[in-house]
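Heads up, the thing below is written out as structure tokens.
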Amino acid sequence: MKKAIALVSLTAAIAASSQAGAVQITLACGTVGQELQLCKDGAARWAKKTGNTVKVFESPNLTNDRLGLYQQQLAAKSDAIDVYQLDIIWPGLLSQHFVDLKSKIPAAEVNAHFKGIIAADTVDGKLVAMPWFTDAGLLYYRTDLMKKYGYNAAPKTWAELATMAKKIQDGEKKTSSTFTGFVFQGKNYEGLTCDALEWLVSFGGGTVVDDSGKITVNNANAAKAMDTAASWVKSISPAGVTTYGEEEARGIFQSGNAAFMRNWPYAWALGQSDDSKVKGKIGVAPLPSGGNGAAATLGGWNLGVSMYSKNQAAAIDLVRYLTGADEQKVRAIEGAYNPTRPALYKDQAILKANPFFGSLLDVFTSAVARPSGPTKLKYNQVSQAFAGAVSDVMAGKSKGAAAVKKLETDLARIKGRGW
Amino acid sequence: MTTNAPTQPPTAPPMGRKKKVRGIEGARAWQAFWLLLPTLIAIALVAGFPLYRTIFFSAQEANLTTPDQATFIGFQNFWFTTAEGIGLGFMQDPQWWTAVRNTLIFTVFSVALETVFGMIIALVVNSAFAGRSFLRTAMLVPWAIPTVVSAQMWAYMYNDSFGLIGQGVLGGQALLADSGTAIWAMIAVDVWKTTSFMALLILAGLQSLPGDMYEAADMDGASKWTQFWRMTLPLLRPALLVALVFRSLDALRVFDIMYVMLGANVAASTSMTGYARQQLIDNQLLGTGSAVSVAIFIIIMAIVVIYVTAFRVKFD
């Protein structure tokens, strides 16, 4: 009996002390590739350091699904999630629900990140989120197959890519019936907006909506870019490419069934892992040009603290820890997640793990932003209309010229009385 | 209704305290009312209030993240043309009409196929043979799997590079990539999933048919075929119609198959609910999304009314 009482009071004491000192923070992490594991590891390191606990909330894989879920939480002013992982296109959309970090984090720490990303995270002077990792579209290729078919450099133009992919595909198909030349994100969703924006910009077709909010997509170069992409389907890309997201494309490339792949930097570390069939055979290059230079879409994720969090101080500390140099370095080495701090691109350990980081620094720093800034709250509709138009062209339902004309009308309808 | 009960004595005193005067039926009516009251309140809370909110927001310009800042705009969510000639109402959006058309195709074909297959299965498991009870249970398995799970499972099977159907049977054809074939792929999934439910409803109807009637028909020399067309089908009609109404309503409200297998953007032009979700969630247009929901509600109501009046369905 005495024992029982002692046990009860001891448990109560522990419960009370843990409630007074440490808090539990809920962190919403993405789940693409290694993301979740790295997120959990980082959170665990912070928890160990501070004595708090972190509960990791697993978000849906596709960014559109994630946004819907977050908005419901935020509109309900729910305190269930303290720290949100925010896509680079969301700050304008969600700014009112997040703590202004400008006054909470020293300026020197904020300024250590890429200026462009900080600008994208700032809405009406309010710093909505801190950059966690950045992203830009890259071209992955099989170095072994390039050599086998007599190529010694990555394709510089889309036409070159098509020729090379065709030759390799025709050769490899003899031994492997499911082999394909080029995989990318062709599914009708936000990922296609990213890929298609790269095609448009590289052909000199503009960014759909320009910085002043003018709809610019109805032009010959944009139409040509779409037609070029459509010509890949069923020739150098499988018919099913119009149903592939990031992970489907990576699955095919990583199992050795594709010569080229367009994807984000995260695919590098996974492709070099032990269970990868293409380990040691992957090359990375800037995406090809359509005549107007190479273009990569700016992606990346940021961490913001919910206004409805009950433990804001601890949540901000977690954000500072995760976006700090040490944590970004770990993520860069283990997962090839691009740091948002320029200083880290000179770090030897990072360059050893990701040899292409140094040479592709330009790609990361000059990546093209999606028109989420000028279109504000209506960005999602714009992106859907754009992805839908590209998808129609790729499915053969429409030609580039007709598609950009219709898209212009659709965008005008979405714009309505203004963005 | 029952307040003017005929048992009321003709010498009823003029208005005033009258409770007792209503007689036993009046008292019962009141008792029934009080007993029903909790249920009525529950219905008002769980069904009435959300419906009211949806109708309310359908006439507002409102954003999902700031529903408290809604402004009244009447029917502009449905139909509105700006001075520049730009149509802003969702009914001016071609994508909505594509979604309506696809949903109707989906409903007509999936329900028709489910009814035919369901009928065949029900007739088979209704006849006596060994292992019948096992079959009756086993056939419900596809229906018991949550739709999101079965939809994802089918999406993998349809995959053109590793799918059992896409790669194995069709040799790398991507069914889901082309909207022309995707709708049939969706119908196949729905038929696979829901036929057993249809069979169960029809089986329940079959079980209520009197067995001696068939014995008599056998004696009279009617063929099995005649028995089916002249006896089973007419007698099964009420059960069949209720099943048809249920399935049609479900099919018109289909959401998860499209959403899981095609993704949010394509689902929005394949099912009406997908379109509503896209407006409401992805685009944060609480007003437009609610207006679309109201439109779906009206379409489904209209179809039910047509069903019930045209076929004189009785639900009791």
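Here is the naming used below: chain letters follow the sequence lines, and residue numbers restart at 1 for every chain.
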Specify the closest pair of heavy atoms between Lys187(A) and Leu262(B), including all atoms of both residues, with the distance to one decimal.
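Lys187(A) and Leu262(B) have their closest heavy atoms at CE-O, 4.1 Å.
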Given a strict heavy-atom distance threshold of 4.5 Å, which part of [X] is in contact with chain A: side chain, backbone, both, or neither?
X: Gln167(B); result: side chain
X: Asn63(B); result: side chain
X: Phe162(B); result: neither
X: Asp178(B); result: neither

Applying a criterion of heavy atom separation less than 4.5 Å, what residues of residues 237-249 of chain A form contacts with chain B?
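Within residues 237-249 of chain A, the residues that come under 4.5 Å of chain B (heavy atoms only) are Pro238(A), Ala239(A), Gly240(A), Thr242(A), Thr243(A), Tyr244(A).
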Within 6.0 angstrom of [X] [atom1], more than 12 heavy atoms from elsewhere:
X: Lys277(A); atom1: NZ; answer: no
X: Phe78(B); atom1: CZ; answer: yes
X: Glu61(B); atom1: CD; answer: no
X: Lys126(A); atom1: NZ; answer: yes
X: Phe297(B); atom1: CZ; answer: no

Any chance you could measure [X], atom [atom1], to [Y], atom [atom2], to the nearest 0.5 Å?
X: Leu88(B); Y: Ile414(A); atom1: CG; atom2: CD1; result: 10.5 Å
X: Leu69(A); Y: Ile281(B); atom1: CG; atom2: CD1; result: 9.5 Å
X: Glu84(B); Y: Arg413(A); atom1: CD; atom2: CZ; result: 14.0 Å
X: Ser391(A); Y: Asn265(B); atom1: OG; atom2: CG; result: 8.5 Å

Under 4.5 Å, counting heavy-atom pairs only, tell me which of Asn188(A), Val233(A), Leu377(A) racks up the most with chain B.
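Most pairs with chain B among the choices: Asn188(A).
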Among the options Leu94(A), Asn257(A), Thr180(A), Leu93(A), pick out the one with the most heavy-atom pairs lying under 4.5 Å from chain B.
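So the answer, after comparing Leu94(A), Asn257(A), Thr180(A), Leu93(A), is Leu93(A).
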Looking only at side chains, do Gln381(A) and Asp282(B) share a donor and an acceptor under 3.5 Å apart?
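Checked: Gln381(A)/Asp282(B) side chains show no N/O donor-acceptor pair below 3.5 Å.
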Pair Gln278(B)-Asn380(A), side chain to side chain contact (heavy atoms under 4.5 Å, CB included): steps then yes or no:
CA-CA 10 Å; Gln278(B) 190 183 44; Asn380(A) 254 329; over 6 Å; no
Please classify the contact between [X] and chain B as side chain, backbone, both or neither, with a heavy-atom cut-off of under 4.5 Å.
X: Ala76(A); answer: neither
X: Ile252(A); answer: side chain
X: Lys415(A); answer: neither

Using a 4.5 angstrom heavy-atom cutoff, name the option from Thr82(B), Asp93(B), Val266(B) with the most pairs to chain A.
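Heavy-atom pair counts peak at Asp93(B).
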If we only count heavy atoms from C-beta on, is the Gln384(A) to Asn283(B) side-chain gap below 4.5 Å?
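A side-chain contact exists here, since the closest heavy-atom pair is under 4.5 Å.
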